[in-house]
Amino acid sequence: MGYAISMPLAFDLVPGTKRTPAEQLTTILEEPGFVKHFSDHMAVASWTEAEGWHDSRIENYHTLQMPPGAAVLHYAQEIFEGLKAYRHEDGNVWLFRPEMNARRLRASAERLSLPQLPEEDFLTSVHRLVRIDEAWVPSGEEMSYYLRPFVFADEEFIGVRSATSASYMVIGGAAGPYLSDALTAVDIWLTTDYSRTGEAGTGAAKCGGNYASSLLAQRDGAIHGCSQVLFTDAATHEWIEELGGMNFFAVTDQGTLITPPTSGTILEGITRDSILALASDHGYGVDVRPLSVEELMTRTQAGEMVEAFACGTAAVVSGIGNIKYRQGDQVLELNFGQKVGEVTRTLRQALVDIQWGRAEDTHGWMHPVKEL
Ligand code: PLP
Ligand code: COI
């Protein structure tokens, strides 16, 4: 796609915006759910083929007005990111590896044929929004402010082609646990009936369509008491890939972590990458290689795979209790125990201690929210 040269975006605050009264905000932050309420402001920038990125601002969070003919509503030309800001004990607010989200948004844009937002502009937008809505960053245990940057094709046009205009926005809000807390194991539905993406598809991109295609399997899983779905490869359904919104790890009785490589069909999770680094720091083995459903089942039943967990920005690290799956007319269970395993707990703790500033940030992952 050809680009006009864009100047750095300032994301200045539009004068006269509104703020939620302190008392009301306190009530919201006491029980935030997972972004039940969006914070007061949002970051916005526009892109056209002719002008490049322009017209950036921070304005009130508001309802969008979009023509019904906007391309995103028909062809799902859309991508998004998820990252969190954390309030440390001294009151300061920090972002976790935001440059990785900036880079991944660009990679997703490339795959979805959307304009790439320069990484500096991404960083300006998230720093500015968090700074302006800093009162919304909670300080409770395991509470954070979740940011959702996204880009979508807003051109009013019914033909199928890359849109010539797009919008970038960042919204956010206070977030408690998404899936489970540190101590609760969740049940997962292993599907061989549906795929979220296939070879050379959009699996490595963070685009809305991947999530839409996961929902029917998730409904299937919910019927069997599972909150998330573990997907297998589209071609054979013999290889473990990832969950609808998280990466997957198994842990052997020798303390080695196994996770599939992210070659094309799996999202390159930033939490996954961090867990791999922390596992090495803690002296655990890491084995990034294809993991078959059969190996997972036989070695778990033989007591050689003793833990499994899912990880992602929203979910942090969630221990898996049972993996449920259909075999013929029956629903069977692969059991990892009702408690979250020791390796899972250790790595989860190591990660959250860095994120909340309780442990030394030896990898340089944390970035203080700056006045830009
Ligand atoms: N896989 C999928 C499909 C996801 O949606 C996510 C969540 O963002 C992840 C993995 C984990 O990625 P990250 O750790 O960067 O949040
Ligand atoms: C995230 O973890 O940030 C995601 O985008 C995943 C989604 C399931 C909430």
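Being a predicted model, the structure only gives us computed values, none of them experimental. Counting starts at 1 for both ligands and their atoms, following the listed order.
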Part of T313 with heavy atoms under 4.0 Å of ligand 1, whether side chain, backbone, both or neither: both

S167 and D154 side chains, donor-acceptor separation under 3.5 Å: yes

Sub-4.0 Å heavy-atom contact, L243 with ligand 1: yes

Distance-only side-chain donor-acceptor flag, S39 / Y61, under 3.5 Å: no

Closest protein heavy atom to atom 2 (O) of ligand 2, given as residue, atom name and distance to 0.1 Å: A314 N, 2.8 Å

Contact (N/O only, under 3.5 Å) between Y178 and ligand 2: no

Ligand 1-proximal atoms of M246, by part, heavy-atom distance under 4.0 Å: backbone

Mutual orientation of the aromatic rings belonging to F309 and F249 [parallel < 30°, tilted 30-60°, perpendicular > 60°]: parallel

Lys/Arg N to Asp/Glu carboxylate O, R104 vs E119, below 4.0 Å: no

Protein contact to atom 14 (O) of ligand 1 [nearest heavy atom, distance to 0.1 Å]: T271 OG1, 2.5 Å

Interfacing atoms of ligand 2 (cut-off 4.0 Å, heavy-atom, G82): 3 (O)

Ligand-side contact atoms (ligand 1) for residue partner G312, heavy atom cut-off under 4.0 Å: 11 (C), 14 (O), 16 (O)

Whether G244 lies under 4.0 Å from ligand 1, heavy atom: yes

Contacting atoms of ligand 2, where contact means under 4.0 angstrom from a heavy atom of T313: 2 (O), 3 (O)

R196: numbered ligand 1 atoms lying under 4.0 Å from its heavy atoms: 3 (C)

Proximal ligand 2 atoms for G245, defined as those under 4.0 Å from one of its heavy atoms: 6 (C), 8 (C)

Ligand-side contact atoms (ligand 1) for residue partner R104, heavy atom cut-off under 4.0 Å: 12 (O), 13 (P), 15 (O)

Min heavy-atom dist K206 to ligand 2 below 4.0 Å: yes

N/O separation below 3.5 Å, G312 to ligand 2: no

Shortest non-hydrogen contact between A45 and W53, atoms and distance: O-CZ3, 4.0 Å

Which segment of Y146 sits under 4.0 Å of ligand 2 when only heavy atoms are counted: side chain

Basic-acidic side-chain contact under 4.0 Å: R348, E142: yes

Atoms of ligand 2, numbered as shown, that sit under 4.0 Å from any heavy atom of F80: 5 (O)

Min heavy-atom dist M100 to ligand 1 below 4.0 Å: no

Distance-only polar pair, side chains of W94 and H367, donor-acceptor under 3.5 Å: no

Distance-only N or O hit between ligand 1 and G82, under 3.5 Å: no

Distance from atom 5 (O) of ligand 1 to nearest protein heavy atom, with residue and atom: Y211 OH, 2.4 Å

Top protein contact for atom 6 (C) of ligand 1, by heavy-atom distance: G245 O, 3.2 Å

Which residue and heavy atom of the protein sit nearest atom 2 (C) of ligand 1, plus the separation: E242 OE1, 3.3 Å

F11 and Y168 aromatic ring geometry - parallel, tilted or perpendicular at 30°/60° bounds: perpendicular

Pair R196 + E242: basic N to acidic O under 4.0 Å: yes

Geometric cation-pi criterion, R161 with F157: 6.0 Å, 45°: yes

Numbering as shown, the atoms of ligand 2 that approach R148 to under 4.0 Å (heavy-atom distance): 5 (O), 9 (C)

Between R299 and T252: side-chain donor-acceptor atoms closer than 3.5 Å: no

Polar side chain donor-acceptor pair, H237 to D193, under 3.5 angstrom: no

Under 3.5 Å: donor-acceptor pair, side chain of D181, backbone of L183: yes

Distance-only donor-acceptor check, side chains E238 and S292, under 3.5 Å: no

Residue and atom name of the nearest protein heavy atom (relative to atom 12 (O) of ligand 1), distance in Å to one decimal: G269 CA, 3.3 Å

Any F34 heavy atom less than 4.0 Å from ligand 2: no

E155-T164 side chain donor-acceptor pair, cut-off 3.5 Å: yes

Non-hydrogen atom of K206 closer than 4.0 Å to ligand 1: yes

